[in-house]
Amino acid sequence: MAAPSAPAGAGKQRAYLSCIRATITAAMCLENFGSQLVERHNKPEVETKQSKELLLNPLIVSRNKEKVLVEASINSLRISVAIKKSDDIEVVLAKRFMRFLTQRAENFVILRRKPVEGYDISFLVTNAHTERMYKHKLVDFIIQFMEDIDKEISDIRLTVNARARVVAQEYLKEFA
Amino acid sequence: MSISELEHLVGCITCHAWNGDKTKVAISPNNTQVNIYGKSGSSWALEHVLNEHDQVVTSIDWAPKTNRIVSSSQDRNAYVWTLQDGQWKPVLVILRINRAATHVRWSPNENKFAVATGAKCVSVCYFDKENDWWASKHIKKHRSTVTKVDWHPNNVLLATGSTDFKARVVGAWLKEDGKPPASVFGEKIAFGDAVLEMDAGGWVHAVKWSPSGNQVAYASHDSSISFANVSSLPPTIQKINLKGLPLRDLLFLSESSLVGVGDDCNPFLFSRDDNGTWTFVSEMDKKAEGGPAASESSSARKMFESKVNLGTESASDTKLTTQHQNSITSIAPVVVAGGVVSDFSTTGLDGNLIVWHTKALEAKFKNLKIK
């Protein structure tokens, strides 16, 4: 149960995340599927998009400016996140933070190096991942990731503003 | 008597099949091999490794009477293995397909087998004595990959499920079968003729005939299971929508009981009442109804333990509460007495092989009745 002193926005944030969690859990039912078009190949169908019957309808869960696009197929799932950016500093910070993460995509395993058009970051989960890892922990990871990004970016923005203030103060002391 | 026995064989199991007297099990450990385990005492020992495929083995079936294994793989090949001098020898099957083979099943008389393929066709293979190889005939009615096949008890009809959102019943009579038996679909059904096409709300993941052949059940990706009564045409189809995730495989325990397994990692029991209506009865993998007070204190203890050990706030466990930790992909009967399956086995992507005993389940949970 939420503590009575929690801000009103926390409940809406929880509803948003639980909706995303349910969507991703349902979309993560993947199976090994050999390609229908090229013999002996096994490709993530959500990336090739060649056979329309193997793709599920894409779903967008959005709340104000932030949204999550979930595209699923028979053997792979793509989750793209657009982060809420309230001012110009956050636009720059989000871009730099995401670049930092995507350059290290191998360590994250399920991260996609290039985000889908119109979004800040994308994950690609294939049947190989769900066979090796627990599905519920993968979902936990993605939800946790989304929560952490928001917190990190607002923290960085606060520190940037604080530093700017300190620097400006020191510089202008000269002219006082 | 325990409800189930769990054996962790490998990291991930794609499919499994038992031999005739259920002393050996053949599994595919999600790679190019087929492993055969034999039960020695209370543990399983790896007896043979069958190495012939180039890509992951998608399906295995073991013919109980003739003791032959057929395996299919994504490398568009299938092999029939026979035991000679204690070694399993493969014989290549001329499938004539140019895409992956997804599923394979011996017919009830074991004189032929059907292979579901990604080439949008089903290959029915029979042994050609003149050329001493397995030849095939194609059933081409499908518009997308065929995911599953199941033989009708009369050895002539085949139920297929496909990713074009349809489950079909096709005729698969070959000259080698002799006189075709009459069925509700007609006296003589041409090979490859689709006598029935049923719509599903998503990709069809599993099809199964009931023991008498009067019903066919199919499960699709929209988390539903449909039962078609084909004892009279047109068939009456009843669809049940599940609350959870899709089912991947089905097994009829008797004419009125069916177990479905899937991405919820839990076997579900469905039962048919005297009017012929199917309903979902219960999930079979649940803890006995213990005291709620015990669980409260243990969850508080777990939270503090995880805070100390892992640095996390929540009490969530890594392990699922069900015995299978990942999707269950395959279910097979183990003990059949008088046409009723009393023990069955499940394997899943977590690498566990679990044998379930329905008598013990019925004794423990009062509402779980297998008719």
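Excluded from the calculations below are hydrogen atoms, water molecules and symmetry mates; all remaining heavy atoms, backbone and side chain alike, are included. In what follows, every chain begins at residue 1, and chains take the letters A, B, ... in the order their sequences are listed.
The two residues A/A26 and B/L245 come nearest to each other via the heavy atoms CA-CD2, 3.8 Å. Closest non-hydrogen pair, A/L37 versus B/R99, comes out as O-NH2, 2.7 Å. The two residues B/A100 and A/G34 make their nearest non-hydrogen contact at CB-CA, 4.4 Å. The two residues A/F33 and B/T163 come nearest to each other via the heavy atoms CE1-CG2, 4.1 Å.
Ion pairing of B/R143 with A/E53 is absent here, as no side-chain N (NZ or NE/NH1/NH2) approaches a carboxylate O to less than 4.0 Å.
Distance alone, capped at 3.5 Å, places no donor-acceptor pair between the A/Q36 side chain and the B/S144 backbone.
Around the NZ atom of A/K95, the shell of radius 6.0 Å holds no more than 12 heavy atoms that belong to other residues, nucleotides or ligands. Counted within 6.0 Å of CZ on A/R104, heavy atoms from surrounding residues, nucleotides or ligands total more than 12; the atom is thus considered enclosed. Annotation for A/N57: atom CG does not count as buried by contact number, only 12 or fewer foreign heavy atoms lying within 6.0 Å. Shown here is A/R99, whose CZ atom has no more than 12 heavy atoms of other residues, nucleotides or ligands within 6.0 Å. Residue-environment remark: CD (A/Q103) exceeds the threshold of 12 foreign heavy atoms within 6.0 Å. Around the NZ atom of B/K239, the shell of radius 6.0 Å holds more than 12 heavy atoms that belong to other residues, nucleotides or ligands. The number of heavy atoms from other shown groups lying within 6.0 Å of CG (A/D87) is above 12.
Atoms SG and CG, from A/C29 and B/D264 in turn, are 8.0 Å apart once rounded to the nearest 0.5 Å. To the nearest 0.5 Å, atom CG of residue A/N32 and atom OG1 of residue B/T102 are 11.0 Å apart.
Only the backbone of A/S35 comes within contact range of chain B, with heavy atoms under 4.5 Å apart. Residue B/N30 touches chain A through its side chain alone, counting heavy-atom pairs closer than 4.5 Å. Proximity to chain B is limited to the backbone of A/M133, based on heavy atoms less than 4.5 angstrom apart.
For the set A/T25, A/I74, A/T130, the count of heavy-atom pairs under 4.5 angstrom toward chain B peaks at A/I74.
Residues A/E131 and B/N326 form no side-chain contact, since every pair of their non-hydrogen atoms from C-beta on lies 4.5 Å or further apart. You'll find the side chain of B/S327 reaches within 4.5 Å of the side chain of A/K135, heavy atoms only. Looking at B/Q55 and A/N42, their side chains never come closer than 4.5 Å, going by heavy atoms from C-beta outward.
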